[in-house]
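When reading the values below, keep in mind they use all heavy atoms of this one structure, side chains included, and skip hydrogens, waters and symmetry mates.
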Amino acid sequence: MSESAQQLLEESFAGLPETVVDQGAYLTRPAISSGWWAGLRQAIWADATGVNGRGGDAWRAPYLARFRALTDLPTRPIEVVVLTEQPDDSTWPAHWRAVAQAPGGEDRWVSGLTLAGGEPQPSRVWVDLTPLNDPDPALRLAASHAAAGRQVFLLGCMRSDLDRWQACLRTLRESDQDERLYVLVDGLGRLKTASGVLNSVLQQVDLFGRYRYASAYPYAAINTNIWLDELVWAGFIEREDVAPLRELYAYNPWLFDLALKRQLRLPGTDIALTPDVFGPVAQP
């Protein structure tokens with residue numbers, strides 16, 4: 001790793017809580033589809049995860065091994081929430097929390113609106129908005145669960161367009177569940193929407209305490225690595241940071257995502273995501 005990349009990494013971890021928490025990384029494979037874009041998407045996914053040409057469930061073990069290597073840092077403990085369809089307790093490191101879609105247990109990953117059923121009811125819920133065209137019903141459901149005393153984490157608010165982010169923002173502002181309802185910083189919008197989404201995200205300084213970091217590994221890193229120049233042009237990062245960030249992506253796409261989100265600034269200001277965004281949540 002070059003000196004500039006190492007320096008950027010040290011700056012990114014400076015001032016962070018003793019334990020950094022990734023509140024949402026995916027253990028999933030892209031859905032099988034057809035067409036040239038599907039093939040390209042699969043190739044990019046394979047490059048980011050280190051999993052190539054494996055059918056059936058053969059991809060799972062190398063995916064886990066690769067992600068464990070990316071997050072097992074010698075200088076800093078990293079806790080990771082792993083969103084998975086099929087938890088396997090025998091494979092999880094002690095600092096990982098497996099959150100599955102299947103009912104049962106204290107934690108649940110809800111993809112869309114599928115939450116009903118299953119005992120016991122979860123005490124922590126990760127509501128994933130990414131598969132929904134209209135997020136409003138899921139957001140109302142999330143707010144109701146927070147009001148009922150559950151901790152709720154909203155995924156996908158920052159991986160789409162400005163309308164979706166604003167819907168999440170309204171939900172957050174209308175809820176007084178300060179230690180129960182959180183929005184995850186799991187993306188930077190899309191290429192044509194990143195500027196609007198990020199400007200709004202970074203302007204809500206009073207809500208930073210209700211933001212928490214999530215890598216959405218491997219998807220957010222894949223996307224943002226493609227449009228770093230756009231972030232420079234819009235004023236969110238410095239031109240001098242692009243080369244070391246690209247080097248970090250090649251070295252470790254998980255570290256790249258964390259470092260990039262630490263470097264973001266509201267254009268023309270020093271406003272950035274606060275260190276507690278990258279730490280644990282308070283117990284309600």
Side-chain angles (χ1 to χ4, degrees), residues 1-30 44-54 57-100 105-107 109 124 126 153 155 184-187 212-225 241 244-263 273 275-281:
M1 188 186 302
S2 69
E3 183 178 345
S4 61
Q6 184 63 45
Q7 181 178 350
L8 182 71
L9 198 55
E10 291 174 0
E11 291 174 358
S12 299
F13 277 98
L16 290 186
E18 181 177 350
T19 298
V20 173
V21 182
D22 179 349
Q23 290 285 357
Y26 289 103
L27 175 56
T28 58
R29 191 168 189 172
I44 295 173
W45 178 89
D47 178 65
T49 60
V51 178
N52 292 285
R54 298 177 183 271
D57 290 331
W59 64 274
R60 187 178 175 87
Y63 188 114
L64 281 169
R66 161 79 164 169
F67 188 57
R68 182 171 186 171
L70 296 180
T71 57
D72 190 11
L73 305 183
T75 58
R76 176 81 63 153
I78 306 294
E79 293 184 5
V80 185
V81 172
V82 182
L83 305 171
T84 177
E85 298 172 357
Q86 303 172 2
D88 179 353
D89 292 339
S90 65
T91 65
W92 307 121
H95 56 288
W96 287 15
R97 179 191 299 169
V99 177
E106 291 188 355
D107 303 326
W109 170 28
R124 292 179 293 264
W126 280 254
F153 302 89
L155 285 149
L184 298 185
V185 183
D186 61 351
R212 283 299 182 272
Y213 170 69
S215 68
Y217 174 87
Y219 301 109
I222 291 171
N223 292 337
T224 50
N225 182 48
D241 292 334
L245 280 168
R246 291 202 190 283
E247 184 179 346
L248 276 179
Y249 179 83
Y251 171 73
N252 183 325
W254 184 87
L255 278 176
F256 161 86
D257 182 75
L258 183 141
L260 173 59
K261 289 170 182 172
R262 282 285 283 157
Q263 295 301 315
L273 295 172
D276 62 317
V277 171
F278 299 84
V281 298

Please list, chain by chain and in numerical order, all residues satisfying side chain to side chain contact (heavy atoms under 4.5 Å, CB included) with [X], sequence neighbours excluded.
| X | result |
| --- | --- |
| Arg262 | Ser12, Leu16, Leu258, Pro275, Phe278 |
| Asn252 | Leu70, Trp254, Leu255 |
| Pro77 | Thr19 |
| Gln7 | Glu11 |

task: Check the pair Tyr217, Tyr26 against ring-ring contact (aromatic ring centres under 6.0 Å, His included), reporting the backbone distance first and the verdict last.
output: CA-CA 6 Å; Tyr217 174 87; Tyr26 289 103; 9.5 Å; no
- request: Describe, in one word, how the ring planes of Trp96 and Trp92 are oriented to each other, choosing from parallel (under 30°), tilted (30 to 60°) and perpendicular (over 60°).
  value: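 Answer is tilted, since the angle falls between 30° and 60°.
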Could you tell me the separation between the [atom1] atom of [X] and the [atom2] atom of [Y], rounded to the nearest 0.5 Å?
| X | Y | atom1 | atom2 | answer |
| --- | --- | --- | --- | --- |
| Gln23 | Asp186 | CD | CG | 11.5 Å |
| Leu83 | Leu27 | CG | CG | 9.0 Å |
| Gln263 | Leu8 | CD | CG | 4.5 Å |
| Leu245 | Leu260 | CG | CG | 5.5 Å |

side-chain hydrogen bond (donor to acceptor under 3.5 Å, both in side chains) partners for [X], two or more places apart:
| X | value |
| --- | --- |
| Glu79 | none |
| Tyr213 | Asp257 |
| Asp276 | Thr274 |

message: With a 3.5 Å distance limit and no angle check, can you tell me whether Arg68 reaches the backbone of Tyr63 through a side-chain donor-acceptor pair?
response: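 Looks like no, no N/O pair under 3.5 Å.
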query: So, the side chain of Lys261 versus the backbone of Ala214: is there a donor-acceptor pair under 3.5 Å, distance only?
result: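 Yes, because the side chain of Lys261 sits within donor-acceptor range (under 3.5 Å) of the backbone of Ala214.
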- prompt: Are a donor atom and an acceptor atom from the side chains of Glu247 and Ser2 found within less than 3.5 Å of each other?
  reply: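 Side chains of Glu247 and Ser2: pair found under 3.5 Å.
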field: Residue list, salt bridge (charged side-chain N to carboxylate O under 4.0 Å, His left out) with Arg124, at least two apart or on another chain
entry: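 Expected list: Glu106, Asp107.
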